[in-house]
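Naming convention: chains lettered A, B, ... in sequence-line order (proteins, then strands); numbering from 1 in each chain.
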Number of protein chains: 2
Amino acid sequence: MTDIKSGTNPLFLRTDEIMQAIELLFFAYRDFTGEPDELLAEYNFGRAHHRVIHFVGRHPGITVSELLLILRITKQSLSRVLGQLVREGFIRQTPGPVDRRQRLLKLTAKGQELDDKLFEVQRQRIVRAYKESGAEAVAGFRSVLLNMMEENDRQRFSR
Amino acid sequence: MTDIKSGTNPLFLRTDEIMQAIELLFFAYRDFTGEPDELLAEYNFGRAHHRVIHFVGRHPGITVSELLLILRITKQSLSRVLGQLVREGFIRQTPGPVDRRQRLLKLTAKGQELDDKLFEVQRQRIVRAYKESGAEAVAGFRSVLLNMMEENDRQRFSR
DNA sequence: ATTTTATGTCAGTCATGTTGACTTATCTAT
DNA sequence: ATAGATAAGTCAACATGACTGACATAAAAT
């Protein structure tokens with residue numbers, strides 16, 4: 001049961017390797033979100049706004065409940081940031097053509113502009129890391145992260 | 001300048017690949033922190049407590065200012081969670097033997113026990129992801145995350 | 001003796017999450 | 001046609017974890 005104690009444990013599964021993985025994720029995620037956070041602060045927005053802009057940008061016409069499923073937060077939490085984004089003209093809501101209870105979400109030109117800016121700072125960091133690591137490493141990076149997330153979300157990445 | 005428009009752009013640097021990287025990090029990090037968060041909630045602790053327990057566990061005798069440098073938060077923020085952990089007997093503070101202004105931090109047996117529990121849930125997720133991806137993928141994963149973080153923190157991982 | 005450093009504390013604010021209760025409009029099924 | 005379910009929104013209260021700014025104490029360094 002405890003791989004830790006069995007001598008046959010492959011190197012990459014040893015305790016200190018796992019410990020390093022935990023810290024790698026902590027430091028990389030902290031820096032990955034740091035630059036966008038600075039940019040968002042200029043708009044008096046936070047990371048929650050970023051996530052909404054990102055997923056609406058990626059899925060134009062997404063409904064509120066679909067967005068809630070992705071973000072895994074309550075509608076009250078979403079309501080606050082989404083309300084701000086709509087009031088300030090970053091996101092537009094249109095009634096669903098089939099089901100008129102739905103509010104389909106889309107970025108406005110202003111919202112798209114912010115989305116582009118946010119993407120650009122993250123793109124630069126990722127491109128640098130990808131270039132320095134090479135195509136093969138990138139495939140490994142993708143595989144490990146995919147296997148680390150809950151199974152039902154992995155489908156988003158199948159092609 | 002814009003690699004996006006040049007046709008010579010390698011596959012793994014294309015816009016949609018970078019976009020996927022952003023989402024991979026979001027979903028993987030969300031699930032990576034989800035289980036520890038549930039465990040911590042039983043103690044009325046949050047993610048901030050986890051980080052303190054983790055880094056004190058990894059660096060017994062660390063000083064408050066060293067911890068602040070790693071976490072990149074203010075001492076007032078640290079003070080609240082550290083104070084709780086000390087009052088509730090998870091961390092012990094001892095005056096520095098050389099510089100008596102310092103408070104060297106160590107986990108108590110109780111703190112070590114929680115650290116072990118937290119490590120175990122994260123270990124299981126990482127081991128699963130590592131096993132399913134293989135040793136080569138793990139090397140790529142490490143490389144990309146290392147190159148994604150700020151340079152001065154990379155030294156922690158050099159061996 | 002003075003200044004700097006390590007740590008801690010008080011007070012107030014902000015962003016982002018939570019629970020619970022309730023409303024309105026609209027769709028679905030009997 | 002009506003009853004119930006669903007999509008979305010709102011009000012209120014609360015917790016966590018970040019922030020700024022001001023100030024206090026003890027010990028080290030100059």
Side-chain angles (χ1 to χ4, degrees), chain A residues 26 29-30 33-34 36-56 61-88 91-106, chain B residues 26 29-30 33-34 36-56 61-88 91-106:
Chain A
F26 169 71
Y29 199 78
R30 185 194 59 184
T33 52
D37 284 353
E38 282 175 38
L39 184 55
L40 290 155
E42 296 172 20
Y43 295 78
N44 290 310
F45 289 157
R47 206 174 293 177
H49 301 84
H50 187 177
R51 293 196 278 251
V52 171
I53 287 177
H54 173 88
F55 285 107
V56 172
I62 191 174
T63 66
V64 171
S65 31
E66 285 166 345
L67 193 50
L68 286 174
L69 283 176
I70 291 178
L71 299 177
R72 293 219 199 131
I73 58 175
T74 59
K75 63 177 173 177
Q76 294 92 325
S77 293
L78 175 58
S79 171
R80 181 167 26 203
V81 291
L82 182 55
Q84 278 178 275
L85 290 167
V86 169
R87 274 195 304 281
E88 298 182 26
I91 287 181
R92 185 177 53 250
Q93 290 172 308
T94 56
V98 174
D99 184 339
R100 288 179 329 211
R101 291 173 302 180
Q102 298 176 332
R103 297 296 136 85
L104 308 190
L105 307 174
K106 277 181 195 162
Chain B
F26 169 71
Y29 198 78
R30 185 194 60 184
T33 52
D37 284 354
E38 283 176 37
L39 184 55
L40 289 155
E42 296 173 20
Y43 295 79
N44 289 313
F45 288 156
R47 205 174 294 175
H49 301 83
H50 188 178
R51 294 195 277 251
V52 171
I53 286 177
H54 173 89
F55 285 106
V56 171
I62 190 174
T63 67
V64 171
S65 33
E66 284 165 347
L67 194 49
L68 286 173
L69 283 177
I70 291 177
L71 298 176
R72 291 216 202 137
I73 58 176
T74 60
K75 62 177 174 177
Q76 295 93 326
S77 294
L78 175 58
S79 172
R80 179 171 26 204
V81 292
L82 182 54
Q84 277 177 276
L85 290 167
V86 169
R87 274 195 305 281
E88 299 182 26
I91 287 181
R92 185 178 52 249
Q93 290 173 309
T94 56
V98 174
D99 184 337
R100 289 179 330 213
R101 291 172 304 180
Q102 298 177 332
R103 297 296 136 87
L104 308 190
L105 307 174
K106 276 181 196 163

Among C:dT16, C:dT19, C:dT7, the nucleotide that comes nearest once only the side chain of A:H49 is considered:
C:dT16

Check: B:Y29 ring centre within less than 6.0 Å of A:F26 ring centre:
no

OP1 or OP2 of C:dG8 less than 4.0 angstrom from a side-chain nitrogen or oxygen of B:S79, does that happen here?
no

Which of D:dC19, C:dT18, C:dT26 is nearest the side chain of B:T74? It is D:dC19

Using 0.5 Å steps for rounding, measure from the CG atom of A:L71 to the CD atom of A:E66.
12.0 Å

Under 4.0 angstrom, heavy atoms only, what part of the nucleic acid is B:V86 near: base, sugar-phosphate, or nothing?
nothing

Look at the side chain of A:A48 and decide which nucleotide, out of C:dT16, C:dT7, D:dG17, has an atom nearest to it.
C:dT16

Please determine if a side-chain N or O atom of A:R30 lies less than 4.0 Å away from the OP1 or OP2 oxygen of D:dA18.
no

Cut-off 3.5 Å, side chains only: do A:R47 and A:T33 have a donor facing an acceptor?
yes

When only distance counts, do a donor and an acceptor, one from the side chain of A:Q76 and one from the base of C:dG20, lie under 3.5 Å apart?
yes

Starting the side chain at C-beta, find the nucleotide from C:dT16, D:dA28, D:dA8 nearest to A:Q102.
D:dA8

Donor-acceptor pair present, B:R101 side chain and C:dT5 base, under 3.5 Å
yes

Where the side chain of A:Q93 is concerned, which of D:dG9, D:dA7, D:dG17 is the nearest nucleotide?
D:dG9

Can you check the A:L105 CG to D:dA7 P distance for me, whole Å?
14 Å

Look at the side-chain N and O atoms of A:R51 and state whether any lies under 4.0 Å from the OP1 or OP2 oxygen of C:dG17.
yes

Under 4.0 Å, heavy atoms only, any strand: does A:S77 hit a base, just the sugar-phosphate, or nothing?
base

Is the base of C:dG17 touched by the side chain of A:R80 through a donor-acceptor pair closer than 3.5 angstrom?
yes

